[in-house]
Amino acid sequence: MNGIYYYLIAFVVIWILVAIFHERLSNHGVELNFPVIMWKTQRLRGLISRISNISPTFWRWYMNLGIIVAFGAMIFITGTILASLPSVFETPSVSIVIPGVDIPGSQIYVPFVYGLIGLATVLIVHEFSHGIQAVGEKIPIKSIGLLLFAIIPGAFVEPDEDKLKEAKKTSRLRVYAAGSIANVTLALIALVLLSLVSAGIPHYFEEDGIAIDRIVSDSPSEGILKSGMVLKAIDNYTIANSTDYIGVVSSFSPGDNVTVKTDQGTYHVTLGKNPNNESVGFFGIQANKHFKLADDSLGPLPWILFELADLFQWVSMLNLGIGLFNLLPIKPLDGGYMLEILLSYRLSEQHYKPIVNSLSVVMAMVIVFSIVAGFL
């Protein structure tokens with residue numbers, strides 16, 4: 001069964017349980033206002049305050065730099081999405097991210113476990129950073145919690161809105177920038193850790209063919225090849241390493257009947273059209289380097305390096321991607337509010353609000369169009 005159905009079943013069960021036990025759950029901070037379920041708590045406010053009070057000066061200057069980075073990232077991500085429109089049907093630049101679900105048109109498949117961990121770090125770091133900066137700007141936090149908007153989960157830190165509106169513009173900019181800048185920072189840290197782990201792999205392992213990680217749904221290989229198989233040869237071309245694999249697969253055309261030799265037998269696949277280049281044959285497999293221990297006496301411990309590498313990779317990718325997306329000039333994203341504050345330095349409210357609202361609508365339409373184009 002497609003992974004999306006497990007999510008839908010889980011969300012339906014949550015909605016049913018909350019609807020049935022709403023009165024009892026309301027005593028524990030659960031609010032039901034269709035289409036939103038919210039759980040609020042005040043328990044973590046003390047932790048956020050303690051972190052903020054460790055070094056208020058550091059947080060302030062860190063986010064002063066963050067404001068500059070945020071606006072630069074806003075220009076970069078907006079320009080990237082707009083520049084991708086001419087090729088949106090071949091390589092969509094925006095995709096829905098659901099761990100364990102193969103999204104049609106998406107070039108990225110997010111593994112279930114690492115995806116959930118990565119998304120958890122995105123939410124925790126993003127919202128805690130908003131809270132830490134708000135406390136540093138003397139803006140009280142009313143509550144912290146989780147939410148479910150229809151079937152879209154999320155988290156939030158709820159500052160005192162009146163105090164936030166009364167705060168200086170630079171203070172509000174720091175609060176809004178904090179979440180995404182923290183995500184980008186965590187992405188860079190995870191990338192450094194990934195580099196260190198990857199540098200250690202060659203010391204313990206050597207390449208031994210190419211392993212199939214995943215079979216793309218409705219692809220030529222579905223029902224023929226399986227994840228976990230190790231490719232040994234394709235049409236009598238030996239696959240000893242990743243270089244061999246890349247050179248061989250790019251040489252086929254759509255419609256070619258290819259013989260694939262694996263560690264589990266020999267199979268025949270008729271190639272389709274590659275979604276990114278219709279002149280190239282498409283197997284429909286997601287593959288990666290297959291390794292073996294250079295020294296069997298080391299035992300199983302070195303294999304943990306691959307698990308750590310995968311974890312750091314997805315923590316980095318998800319924090320960077322979602323952090324940058326949140327800086328788009330679209331309300332109610334943080335980037336939309338930041339642009340509104342920036343324009344307010346020169347324009348009156350009756351002028352800057354229509355500009356930001358119109359830009360929000362245009363960019364939202366571009367995002368929806370890019371996502372739909374991916375499905376088509």
Do [X] and [Y] touch side chain to side chain, with heavy atoms closer than 4.5 Å?
| X | Y | value |
| --- | --- | --- |
| I181 | M63 | yes |
| K163 | P140 | yes |
| F76 | T80 | yes |
| V18 | W15 | no |
| L25 | W39 | no |
| L119 | V110 | no |
| I51 | W59 | yes |
| M338 | L327 | yes |

Interatomic distance, [X] atom [atom1] to [Y] atom [atom2] [nearest 0.5 angstrom]:
| X | Y | atom1 | atom2 | result |
| --- | --- | --- | --- | --- |
| T270 | N257 | OG1 | CG | 4.0 Å |
| I141 | Q42 | CD1 | CD | 10.5 Å |
| L339 | I355 | CG | CD1 | 8.5 Å |
| I234 | T262 | CD1 | OG1 | 10.5 Å |
| K261 | T238 | NZ | OG1 | 8.0 Å |
| F282 | D256 | CZ | CG | 14.5 Å |

Linking I/L/V/M/F/W/Y whenever any side-chain heavy atoms sit under 4.5 Å apart, do [X] and [Y] land together?
| X | Y | result |
| --- | --- | --- |
| I132 | Y337 | no |
| I117 | I124 | no |
| I20 | F11 | yes |
| M365 | L359 | no |
| Y267 | V216 | no |

For this session: Apply side-chain contact (heavy atoms from CB on, under 4.5 Å) to V184 and V69, showing your working.
Result: CA-CA 10 Å; V184 172; V69 174; 5.5 Å; no

So, does [X] use its side chain to make a donor-acceptor pair with the main chain of [Y] at under 3.5 Å?
| X | Y | answer |
| --- | --- | --- |
| W314 | L116 | no |
| D235 | T259 | yes |
| S52 | S49 | no |
| Y176 | G336 | no |
| S180 | A177 | no |
| S251 | V248 | yes |
| S129 | G179 | no |
| H126 | A182 | no |
| K40 | E158 | no |
| R174 | R60 | no |

Exercise. Any chance NZ of K232 has more than 12 other-residue heavy atoms, nucleotides or ligands included, within less than 6.0 Å?
Worked result: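 Above 12, so yes.
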
For this session: Answer yes or no: does atom NE2 of H351 have more than 12 heavy-atom neighbours from other residues, nucleotides or ligands under 6.0 Å?
Result: no

Check [X] against [Y] and note the closest heavy-atom contact, atom names and distance.
| X | Y | value |
| --- | --- | --- |
| L324 | A73 | CD2-CB, 3.6 Å |
| S316 | L191 | OG-CB, 3.9 Å |
| S227 | I215 | N-CG1, 4.1 Å |
| L123 | A155 | CD2-N, 4.0 Å |
| Y245 | I210 | CB-CG1, 3.6 Å |
| I212 | L231 | CD1-CD2, 3.8 Å |

For this session: Walk me through it: do F71 and L173 pass the test side-chain contact (heavy atoms from CB on, under 4.5 Å)?
Result: CA-CA 10 Å; F71 279 114; L173 282 173; 4.1 Å; yes

For this session: Determine, stepwise, if the pair L293 / F205 fulfils side-chain contact (heavy atoms from CB on, under 4.5 Å).
Result: CA-CA 5 Å; L293 277 170; F205 299 91; 3.4 Å; yes

Exercise. Any side-chain donor paired with an acceptor under 3.5 Å for H290 and D263?
Worked result: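 Not at all, the side chains of H290 and D263 share no donor-acceptor pair under 3.5 Å.
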
Exercise. Are side-chain N/O atoms of T185 and Y62 paired as donor and acceptor at under 3.5 Å?
Worked result: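 Distance-only check passes for T185 and Y62.
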
For this session: Would you sort out whether L44 and F128 count as a side-chain contact (heavy atoms from CB on, under 4.5 Å), showing the intermediate values?
Result: CA-CA 9 Å; L44 296 174; F128 262 61; 4.0 Å; yes

For this session: Kindly say whether the aromatic ring centers of Y204 and W303 come within a distance under 6.0 Å.
Result: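 Here the rings of W303 and Y204 have centres that are no less than 6.0 Å from each other.
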
